[in-house]
**Student:** 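After the structure tokens below, expect a handful of questions from me.
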Amino acid sequence: MEMLLVDDDKFFTLMAKTMVTKTGLHSSPKAFENGFVALEYLKNNYTPQEKYLIFVDINMPIMNGWEFLEGINEVGGSPNNIFVVMVSSSVDYADIQRALKHPYVREYLIKPLSIQNMTDLKKNHLLAPLFE
Amino acid sequence: MQSSLLHYSILIIEDNLGDFVLIEDYLHEFLPSSEIYQAPTFSKAKEMLASKDIIYDVILLDLSLPDHSGKKLIEEAIEASGNNTPIIILTGYSSLDFAIESLTIGVADYLLKDELTPIALRKSVLYTIERHKILLNLKESEQRYADLFHFSPQPMWVFDVETLAFLNVNEAAIRHYGYSYDEFLSMTIKDIRPPEDIPLLQAVLTRNKTTHRSFFQAEFRHQKKNGEIIIVDLKSTFIIYRGRAAKLILAHDITANKKYLEEIEHQNQKLREIAWVQSHVVRAPLARLLGLTQFLNEEDLSPQEYKQYLKELHNSASELDIIVKDIVKKTHELKLTK
């Protein structure tokens, strides 16, 4: 399983990395500072046998989280092996609804992330294929 | 028509008793249930008409009365009847030409005494009364439409499709635009447009001419006499007015509504911006602050890490401070006074 952290806030990705590794969700997540570079990475390195867990922020420069979701079909994978978790500071119900409607999005987490969030993700049945 | 059932009030102005009795007889033949009144002189007739006790359906007027005769008699009889009761003239051969001429003054019909028959009288009386009724209805209907136009609370006018001249304007238009009736009638519809909108008007007129749409509605800018520019919702329909191809216009001033809507939309936009800012901009450093305090609680932090976290903590707090000040400023701009 590959894990991507897409957020322009470097300090956030640093903290997220720490929590992800500490809870054993993933041992080496890769950080990207906006949707564009993350999409480029996926397009160039996608392998059908691999599974992907992607944390995506909404509000980012260059390419935000919504635009990232619009482009994710071009990667070549499907919701069967690409699992997106939106991670945003937005508590706006409209944002949450919009995110969860997207076929790739399995969960919406409100910042700040906590250790509890990570352990919950491991138990989330929508993400179960990742940990098989 | 079952004339025997008709109940009319008929005034016969006739000094010759023999003639009167003859006419009365004839009338009773086909109008048995009608009331017939006689006035032997014009002054008596005037009196009877002025009393208004009886509303006469028709007046039979002998052209040579002891106290009056001729054209003057007709004119005064018409006046005495309030121009509201049809008059049939009774005359001899001697004044036949004049009787024919009298039709132009407003007399309904004329009858030659020497040739008077029940049938001729019947035809003339019934025809005159019916025609008068129809004319009255027509007048009332015209008046009703004129009232609808003139007393409409919304500005209305009629303009000539060719010359664009105003052909008629109503009270509301005069009040709303500030021009008098006469001023309006000396103007064209171009004169109530801001000069810069004339090309637009011309384009619309040309387009409507080619599409031949009978009904049209759109928003335009108009200019009042005092220079004030208003936004109006115009409805127009094609009519023939006094023989001219014309458009009837109904103008609804929506300036206030428009402004109100714009204000509300502007406020909504600002509120949406604030909601977005709260969710994405304010909560971003706040979330970081919350996350940082979690980390600062960890016991295995190196002095460098600790120092870095404290610096981040300060940065996030400063960012939050700037954002809050920005929101206060934006809210101030909103002037949520209403």
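Below, read A as the first sequence line, B as the second, and so on, with proteins coming before strands; counting in each chain starts at 1.
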**Student:** Which atoms of K10(A) are under 4.5 Å from chain B, going by heavy atoms: the side chain, the backbone, both sets, or neither?
**Tutor:**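 Neither part.
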**Student:** With a 3.5 Å cut-off and no angle check, do the side chains of D95(A) and Y108(A) form a donor-acceptor pair?
**Tutor:**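 No donor-acceptor contact under 3.5 Å links the two side chains.
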**Student:** For D9(A), is it the side chain, the backbone, both or neither that has a heavy atom under 4.5 Å from a heavy atom of chain B?
**Tutor:**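 Side chain only.
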**Student:** Can you tell me which residue among Q223(B), E228(B), H222(B) is in a side-chain hydrogen bond (donor to acceptor under 3.5 Å, both in side chains) with Y177(B)?
**Tutor:**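 With Y177(B) as partner, Q223(B), E228(B), H222(B) yield a single side-chain hydrogen bond (donor to acceptor under 3.5 Å, both in side chains), made by H222(B).
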**Student:** What part of S114(A) lies closer than 4.5 angstrom to a heavy atom of chain B: side chain, backbone, both or neither?
**Tutor:**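 For S114(A), the contact with chain B is made by backbone and side chain together.
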**Student:** Report which part of L289(B) has an atom under 4.5 Å of a heavy atom belonging to chain A: side chain, backbone, both, or neither.
**Tutor:**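 Answer is neither: L289(B) stays 4.5 Å or more from chain A.
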**Student:** Below 4.5 Å from any heavy atom of chain B, which atoms of L113(A) appear? Answer side chain, backbone, both or neither.
**Tutor:**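 The backbone, not the side chain.
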**Student:** Counting only non-hydrogen atoms closer than 4.5 Å, does F11(A) touch chain B with its backbone (N, CA, C, O), its side chain (CB onward), both, or neither?
**Tutor:**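 The answer is the side chain of F11(A).
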**Student:** Are the charged groups of K258(B) and D253(B) less than 4.0 angstrom apart, N to O?
**Tutor:**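 Result for this pair is no, no salt bridge flagged.
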**Student:** For N168(B) and Y241(B), does a side-chain donor sit closer than 3.5 Å to a side-chain acceptor?
**Tutor:**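 Short answer, yes.
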**Student:** Take E2(A) and K51(A) through the test salt bridge (Lys or Arg N to Asp or Glu O under 4.0 Å) and record every step on the way to the result.
**Tutor:** CA-CA 6 Å; E2(A) 247 198 87; K51(A) 289 169 190 164; over 6 Å; no
**Student:** Flag the one option from R288(B), Q278(B), R283(B) with the top tally of heavy-atom pairs under 4.5 Å to chain A.
**Tutor:**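 Between R288(B), Q278(B), R283(B), the count favours R283(B).
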**Student:** If you measure from the Lys or Arg side-chain nitrogens to the Asp or Glu carboxylate oxygens, is any gap between E74(A) and K43(A) under 4.0 Å?
**Tutor:**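 Looking at E74(A) and K43(A), the cut-off is met.
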**Student:** Under a 4.5 Å heavy-atom cutoff, which of L14(A), I110(A), I115(A), N59(A) has the most pairs with chain B?
**Tutor:**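 Greatest number of close heavy-atom pairs with chain B: N59(A).
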